[in-house]
Amino acid sequence: MAKKPNKLKARLPRGFVDRSADDIRATDEMIGKIRAVYEQYGFDPVETPAFEYTDCLGKFLPDTDRPNAGVFSVQDDDEQWMSLRYDLTAPLARHVSENINEIQLPYRTYRAGWVFRNEKPGPGRFRQFMQFDADTVGAPGVQADAEMCMMMADTMEALGIPRGQYVIRVNNRKVLDGVLESIGLGGEENDERRLTVLRAIDKLDKFGIEGVRLLLGEGRKDDSGDFTKGAGLEASAIDTIADFVAGTGSLENEGIAELNTMAGMFKACGYGDDRIKIDPSVVRGLEYYTGPVYEAELLFDVTNEKGDVVQFGSVGGGGRYDGLVKRFTGRDVPATGFSIGVSRLMTALKNLGKLGSSDVVAPVLVTVMDGDVDALGRYQKMVQDLRSAGIRAEMYQGNWKKFGNQLKYADRRNCPVAIIQGSDERETGELQVKDLIEGKRLSEEITDNITWRESRPAQITIREADLIETVRDILDGQADDRRRQSEG
RNA sequence: GCAGACGUAGCUCAGUUGGUUAGAGCGUCGGAUUGUGGCUCCGAAGGUCGGUGGUUCGAAUCCACUCGUCUGUACCA
């Protein structure tokens with residue numbers, strides 16, 4: 001027997017997903033709400049491309065063992081390396097620097113876009129995802145940072161997350177730096193250990209204070225038995241840090257002063273601890289942040305597809321990055337901004353029931369009984385009339401000779417209404433209008449096929465001229481039912 | 001990256017100490033029904049048993065390597 005030719009296997013690269021109609025509509029809705037807040041605050045949109053020259057994206061990674069790890073890079077035909085952007089901040093710094101003479105500072109801008117990371121994907125973690133950023137470039141004062149925090153809080157609420165179910169946590173890198181200096185970890189020679197300590201503090205949510213202490217000391221064994229090496233600090237140094245993240249340490253420095261200024265602004269604007277909170281354990285973006293850092297955290301439980309409760313953690317964050325533009329221009333251009341993880345946040349909002357199944361109704365289906373040119377023209381005209389009346393509609397485009405398949409198609413697409421006109425109806429100037437939703441309900445009471453077919457459930461005969469009015473009545477009735485159900 | 005678990009049809013899974021042509025349910029497609037969705041009945045398609053190599057008379061089953069998935073951890077600019 002001849003060997004079958006090998007079929008090409010259709011497969012998606014790992015860590016990437018195809019997006020469904022529901023997902024796309026929900027994302028559009030979210031982005032619309034976020035944009036409205038940013039616009040209200042006086043921010044303008046700008047868009048940069050997905051690719052940048054690799055050197056413009058910058059390298060903030062300390063480990064040079066894997067210089068290209070994390071990004072997708074390709075070599076252009078002039079042999080220059082380009083990379084897909086891994087966030088929206090570095091490209092903005094490039095854009096501002098390149099147009100620094102035309103851009104009026106302070107520059108208040110927002111943008112949504114796909115970013116790409118070449119790393120291990122996991123559930124809810126992809127190699128392409130959407131971020132929605134807002135930044136103020138050319139603003140040296142912490143009032144700009146405070147505004148960012150308040151805008152994040154407003155955005156959470158605009159998305160329907162109730163007060164108390166989210167919190168914006170704020171810290172300042174200068175505070176952390178001060179603490180580290182006080183335990184003798186100042187100076188360049190301790191860069192590596194400082195990083196390890198910061199990463200350990202960042203794990204507070206995950207492992208609790210005891211886990212963090214292990215990571216600051218000898219190290220910690222994970223659930224699979226693998227061992228993570230710690231920072232190897234002295235017991236007294238660990239105590240100092242533990243006191244600090246618990247908020248019981250005492251310290252005076254520039255970072256604390258900045259946090260106090262910001263706290264004062266939050267209070268003056270009526271943003272209490274239930275919305276924005278100073279939290280000494282916030283670390284974030286370990287390399288390029290230079291001042292205030294902040295992140296948005298969800299406080300409600302999220303259950304995944306398997307029904308497990310998962311820790312959702314941060315859905316966005318940001319901070320002050322005073323050095324990024326200077327890399328290009330040599331000029332001090334202080335900036336602050338934050339990023340919302342759109343895809344992640346959407347998962348959470350679905351859980352909260354804030355993004356229900358979309359309210360987009362499938363089209364009305366005009367079925368095809370006769371395939372001659374005259375008949376097809378009549379069917380298409382009905383479709384156009386429905387569309388002109390603002391009703392989503394389509395003519396069946398499959399094999400019209402199998403009429404049963406047309407209704408099956410309508411059923412599977414959740415079409416609300418089907419229009420039927422064969423030669424019998426045509427002769428009398430009539431139409432059959434079938435309410436498919438009501439028909440589905442009635443089908444539960446009918447068990448034998450003959451009755452089902454002959455009773456033609458939820459189907460009425462009308463004059464051709466009454467098409468629009470009848471369809472509209474049925475659609476309105478269905479919309480009322482949906483409303484009652486979602487309320488009850 | 002490190003550690004562990006797991007890979008059989010589109011999906012969920014059976015498959016005996018290594019033994020003939022690898023099965024079921026659901027789903028898909030066709031028919032019963034040339035002009036009516038659901039139900040029911042009948043039929044069909046769909047598998048390199050993740051891949052490669054090895055042990056063996058014989059491998060879905062045992063071994064090695066590899067790829068992939070999942071869990072934890074690391075990294076996350």
Side-chain angles (χ1 to χ4, degrees), chain A residues 3-7 9-11 13-15 54 57-63 65-67 69-71 83 85-91 93 115-123 125 127 129 195-196 199-200 202-203 206-207 211 215 219-229 283-289 306 308 314 317 319 321 324 339 341 365 367-370 400-415 418-426 432 434-459:
Chain A
K3 200 179 169 188
K4 269 191 225 175
N6 277 342
K7 275 180 289 190
K9 172 122 177 141
R11 61 208 184 99
R14 70 198 176 92
T54 305
L57 287 177
K59 284 245 168 65
F60 308 103
L61 265 185
D63 60 355
D65 311 344
R66 304 181 294 156
V71 296
S83 298
R85 62 187 176 195
Y86 52 74
D87 71 7
L88 298 178
T89 309
V115 301
F116 304 84
R117 293 190 186 177
N118 188 5
E119 43 187 46
K120 179 182 150 189
R125 201 176 143 151
R127 299 206 286 175
F129 55 96
L195 214 53
T196 311
R199 286 170 184 162
D202 202 30
K203 301 284 186 295
K206 223 169 174 179
F207 303 144
L215 284 173
R220 177 181 179 276
K221 200 180 272 189
D222 73 34
D223 292 351
S224 68
D226 197 21
F227 188 75
T228 309
K229 196 170 180 301
V283 178
R284 286 209 65 83
L286 301 158
E287 277 305 297
Y288 68 57
Y289 289 123
K306 294 178 195 162
D308 304 327
S314 159
Y321 50 97
L324 273 190
S339 177
L365 184 73
T367 59
V368 176
M369 279 288 192
D370 300 302
W400 61 273
K401 289 177 182 170
K402 298 192 192 254
F403 188 71
N405 283 351
Q406 301 195 35
L407 287 183
K408 196 183 268 184
Y409 167 84
D411 189 48
R412 292 194 179 176
R413 278 202 71 179
N414 280 317
C415 290
I419 311 297
I420 303 165
Q421 186 186 54
S423 52
D424 296 351
E425 290 86 359
R426 172 67 191 157
Q432 302 283 338
K434 196 175 184 72
D435 180 338
L436 293 169
I437 309 294
E438 176 70 2
K440 184 174 278 180
R441 199 181 62 73
L442 292 174
S443 78
E444 287 163 16
E445 297 155 17
I446 303 172
T447 50
D448 87 291
N449 189 250
I450 306 293
T451 313
W452 166 246
R453 289 163 69 104
E454 289 181 352
S455 69
R456 296 187 172 178
Q459 185 168 326

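Please read these numbers as outputs of a predicted model, since none were measured by experiment. Below, chain A is the first sequence line, B the second, and so on; all start at residue 1.
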Inter-nucleotide P distance (B:G15, B:G23), Å rounded: 15 Å
Between B:U73 atom C1' and A:Arg199 atom CZ, what is the distance in whole Å? 14 Å
Nearest-angstrom distance from the residue atom CD of A:Glu119 to P of B:U73: 16 Å
Just to be sure I understand the rule, does A:Lys229 reach a base, reach only the sugar-phosphate, or reach nothing, if contact means heavy atoms closer than 4.0 Å? nothing
Using a distance-only test with no angle check, is there a side-chain donor-acceptor pair under 3.5 angstrom linking A:Glu425 and A:Gln432? yes
What's the CG-P distance between A:Asp202 and B:A77, to the nearest Å? 9 Å
Could you tell me whether a side-chain N or O of A:Thr367 sits under 3.5 Å from a main-chain N or O of A:Ile419, the two making a donor and an acceptor? yes
So which protein N/O to nucleotides 41-45 of chain B N/O distances come out below 3.5 Å?
none

Using atom P in both nucleotides, what's the gap between B:G47 and B:A24 to the nearest angstrom? 15 Å
How long is the gap from CG on A:Leu215 to NZ on A:Lys206, to the nearest 0.5 Å? 10.5 Å
Does the ring of A:Tyr288 lie flat against the base of B:A77, closer than 5.5 Å centre to centre with planes under 30°? no
Which is true for A:Arg125 with a 4.0 Å heavy-atom rule: it touches a base, it touches only sugar-phosphate, or it touches nothing? base
Check every strand shown and say whether A:Thr367 touches a base, only sugar-phosphate, or nothing at a heavy-atom separation below 4.0 Å. nothing
Value for NZ (A:Lys203) from OG1 (A:Thr228), rounded to nearest 0.5 Å, stands at 9.0 Å
Minimum-distance nucleotide to A:Glu425 side chain [options: B:A77, B:G35, B:U73]: B:G35
Could you work out the separation of B:A22 and B:U48 based on their P atoms and round it to a whole Å? 13 Å
Using a 3.5 Å limit on both distances, find every run of at least three consecutive Watson-Crick or G-U pairs that involves RNA chain B. B:1-7 with B:67-73, B:10-13 with B:23-26, B:28-32 with B:40-44, B:50-54 with B:62-66
Counting distance only, does the side-chain N/O of A:Asn405 pair as donor-acceptor with the main-chain N or O of A:Lys408 below 3.5 Å? no
How far, in whole Å, is B:G27 from B:A64 if one measures between their C1' atoms? 38 Å
Report yes if the side chains of A:Tyr86 and A:Leu57 come closer than 4.5 Å at any heavy-atom pair, otherwise no. yes
At their closest point, which heavy atom of A:Trp400 faces which heavy atom of A:Met369, and how far apart are they? CZ3-O, 3.1 Å
One pair to check against side chain to side chain contact (heavy atoms under 4.5 Å, CB included): A:Val115 and A:Phe129. What are the steps and the verdict? CA-CA 6 Å; A:Val115 301; A:Phe129 55 96; 3.5 Å; yes
Could you tell me the separation between the SG atom of A:Cys415 and the CD atom of A:Gln406, rounded to the nearest 0.5 Å? 11.0 Å
Students often get this wrong, so: under 4.0 angstrom with heavy atoms, is A:Gln459 touching a base, only sugar-phosphate, or nothing? base
So CD1 of A:Ile450 and OG of A:Ser455: to nearest 0.5 Å the spacing works out to 11.0 Å
Rounded to whole Å, the CG-P distance (A:Asn118 to B:C75) equals 18 Å
Counting only side-chain nitrogens and oxygens, does A:Lys402 get under 4.0 Å of the OP1 or OP2 atom of B:U36? no
Is any side-chain heavy atom of A:Pro457 closer than 4.5 Å to one of A:Lys440? no
Rounded distance in Å between the C1' positions of B:U56 and B:G72: 39 Å
Whole-Å distance between B:C2 P and A:Phe227 CZ? 18 Å
What's the separation between atom OH in A:Tyr289 and atom OH in A:Tyr321, rounded to the nearest 0.5 Å? 8.5 Å
At under 4.0 Å between heavy atoms, what does A:Lys120 touch on the DNA or RNA strands: base, sugar-phosphate, or nothing? base
Of the nucleotides B:U36, B:A77, B:C75, which has the atom closest to the A:Arg456 side chain? B:U36
Just how far, in rounded Å, is P of B:G35 from NZ of A:Lys401? 12 Å
A:Lys221 atom NZ is separated from B:U71 atom C1', nearest whole Å, by 18 Å
Nearest 0.5 Å, please: how far is CD in A:Gln459 from CG in A:Leu436? 9.0 Å
For A:Phe207, which contact category applies under a 4.0 Å heavy-atom criterion: base, sugar-phosphate, or nothing? sugar-phosphate
Taking the C1' atom in each of B:A44 and B:A9, what is the distance between them to the nearest angstrom? 14 Å
Which residue lies toward the 5' end of RNA chain B, A:Phe116 or A:Gly422, if each is placed at its nearest nucleotide? A:Gly422
Looking only at atom types and distance, does a side-chain atom of A:Arg127 sit under 3.5 Å from a main-chain N or O of A:Arg14, one as donor and one as acceptor? yes
Is there any protein nitrogen or oxygen under 3.5 Å from a nitrogen or oxygen in nucleotides 37-40 of chain B, and what are the pairs?
{"unit_1": "B:G37", "atom_1": "OP2", "unit_2": "A:Trp452", "atom_2": "NE1", "d": "3.0"}
{"unit_1": "B:G37", "atom_1": "N1", "unit_2": "A:Leu436", "atom_2": "O", "d": "2.8"}
{"unit_1": "B:G37", "atom_1": "N2", "unit_2": "A:Asp411", "atom_2": "OD1", "d": "2.7"}
{"unit_1": "B:G37", "atom_1": "N2", "unit_2": "A:Leu436", "atom_2": "O", "d": "2.9"}
{"unit_1": "B:G37", "atom_1": "N3", "unit_2": "A:Asp411", "atom_2": "OD1", "d": "3.1"}
{"unit_1": "B:G38", "atom_1": "N7", "unit_2": "A:Trp452", "atom_2": "NE1", "d": "2.5"}
{"unit_1": "B:G38", "atom_1": "O6", "unit_2": "A:Asn449", "atom_2": "ND2", "d": "2.5"}
{"unit_1": "B:G38", "atom_1": "N2", "unit_2": "A:Ile446", "atom_2": "O", "d": "2.1"}
{"unit_1": "B:C39", "atom_1": "O2", "unit_2": "A:Thr447", "atom_2": "O", "d": "3.0"}
{"unit_1": "B:C39", "atom_1": "N4", "unit_2": "A:Asn449", "atom_2": "ND2", "d": "2.8"}

Say we look at B:G58 and B:U40: how far apart would their P atoms be, to the nearest angstrom? 48 Å
Separation of the P atoms in B:A59 and B:G31, to the nearest angstrom: 42 Å
Output the rounded distance in Å from CZ (A:Arg220) to P (B:A3). 18 Å
